[in-house]
Amino acid sequence: GDSVTQMEGPVTLSEEAFLTINCTYTATGYPSLFWYVQYPGEGLQLLLKATKADDKGSNKGFEATYRKETTSFHLEKGSVQVSDSAVYFCALPAYSGAGSYQLTFGKGTKLSVIP
Amino acid sequence: NAGVTQTPKFRVLKTGQSMTLLCAQDMNHEYMYWYRQDPGMGLRLIHYSVGEGTTAKGEVPDGYNVSRLKKQNFLLGLESAAPSQTSVYFCASSWNGGQASRGYEQYFGPGTRLTVT
């Protein structure tokens, strides 16, 4: 079935460092791909998404490009801040029967940014 | 616009007790979901609903029941709590979850932290 695999953490970076969190997927066709972020003590919120191959999603300085050749959707940011410390989840819709799709999440990557 | 709200925020239960978690959304979404989040396991879908009066099982439904009597509310029940149900529970909602929803995101509540002793 459809699934995502993302790099395990935790990841610790110094402020202003470059960030990459890898995500690869297995899917039938070309589903939309998502990155969600969970700040400490909060629920998940959508960070960015891409709806078709070669699309680039971007938000808050984060970017991810939907690459069908490598089945990847890696999350990048050029210069991280302390406020980016959170858990990041890659996700895609997986067919769950009766014509409906549910989100399948990766296990999450915890990012800690130190001053 | 409150989005998705969850009640309560925290709860401690003894083994064998029962409780109900309430989720409410004010976005007129058709689909609603209950997840549990455990360390190292990511989010796992417990049950979901595709509309008022309908529910379906997710990946880890055992020990839980749900009801969707009103479109805006989705209740998660634990009839006889067990320590294995200690977790953080998240509710989410989205637009129609059919084929077109491959582009639709889910909106999450703030979570309920449940401890079963």
Side-chain angles (χ1 to χ4, degrees), chain A residues 1-10 21 23 25 27-53 55 57 59 66 73 86-110, chain B residues 2-7 9-10 21 23-25 27 29-51 54-61 88-113:
Chain A
D2 295 0
S3 64
V4 291
T5 302
Q6 65 179 100
M7 62 183 282
E8 307 234 345
I21 300 177
C23 172
Y25 66 89
T28 304
Y30 301 105
S32 296
L33 298 171
F34 303 86
W35 276 102
Y36 280 79
V37 59
Q38 183 180 30
Y39 298 105
E42 298 183 10
L44 279 71
Q45 55 186 274
L46 181 68
L47 179 61
L48 56 82
K49 71 177 185 181
T51 57
K52 60 184 186 294
D55 258 6
N59 186 25
Y66 189 155
F73 192 54
V87 181
Y88 293 83
F89 294 90
C90 186
L92 87 165
Y95 187 64
S96 58
S100 68
Y101 289 80
Q102 310 304 329
L103 281 183
T104 294
F105 292 87
K107 289 191 171 16
T109 303
K110 183 175 182 180
Chain B
V4 179
T5 58
Q6 292 183 233
T7 309
K9 288 185 168 39
F10 303 93
L21 282 66
C23 175
Q25 54 94 5
M27 295 174 282
H29 284 166
E30 289 292 332
Y31 275 49
M32 296 186 74
Y33 315 83
W34 276 107
Y35 295 91
R36 59 178 291 174
Q37 184 179 32
D38 303 292
M41 300 294 290
L43 269 76
R44 293 181 292 171
L45 184 65
I46 304 171
H47 285 282
Y48 63 99
S49 168
V50 303
T54 70
T55 63
K57 294 179 180 179
E59 179 186 356
V60 288
V88 181
Y89 292 86
F90 288 99
C91 177
S93 69
S94 72
W95 293 111
N96 188 314
Q99 182 76 33
S101 80
R102 300 194 99 187
Y104 294 142
E105 61 264 33
Q106 293 183 10
Y107 295 80
F108 283 79
T112 295
R113 184 173 295 275

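Within every chain, numbering begins at 1; the chains are lettered A, B, ... in the order of the sequence lines, protein sequences first and strands thereafter. These numbers come from the heavy atoms of this one structure, side chains and all, not from hydrogens, waters or symmetry mates.
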Highest number of heavy-atom pairs under 4.5 Å with chain B: which of A:A91, A:G41, A:G43?
A:G43
Where the side chain of A:Y36 meets the backbone of B:Q106, is there a donor-acceptor pair that is under 3.5 Å apart?
yes
Heavy-atom pairs under 4.5 Å with chain A: which of B:L43, B:V88, B:L45 has the most?
B:L43
Would you indicate whether the side-chain heavy atoms of B:Q37 and A:F105 approach each other to under 4.5 Å?
no
Gap separating the CG atom of A:L44 from the CD atom of B:E105, nearest 0.5 angstrom
12.5 Å
Count the heavy atoms of every other residue, nucleotide or ligand shown that sit under 6.0 Å from CZ of B:R113, and state whether that count exceeds 12.
no
Drop me the distance from A:Q38's CD to B:F108's CZ, to the nearest 0.5 angstrom.
9.0 Å
Contacting moiety of A:Q45, where chain B heavy atoms sit under 4.5 Å:
neither
So, the part of B:Y35 with a heavy atom under 4.5 Å from chain A: the answer is side chain
Side chain, backbone, both or neither of A:L46 within contact of chain B (heavy atoms, under 4.5 Å)
side chain
Please look at A:E8 and chain B and tell me whether the side chain, the backbone, both or neither of the residue comes under 4.5 angstrom of a heavy atom of that chain.
neither
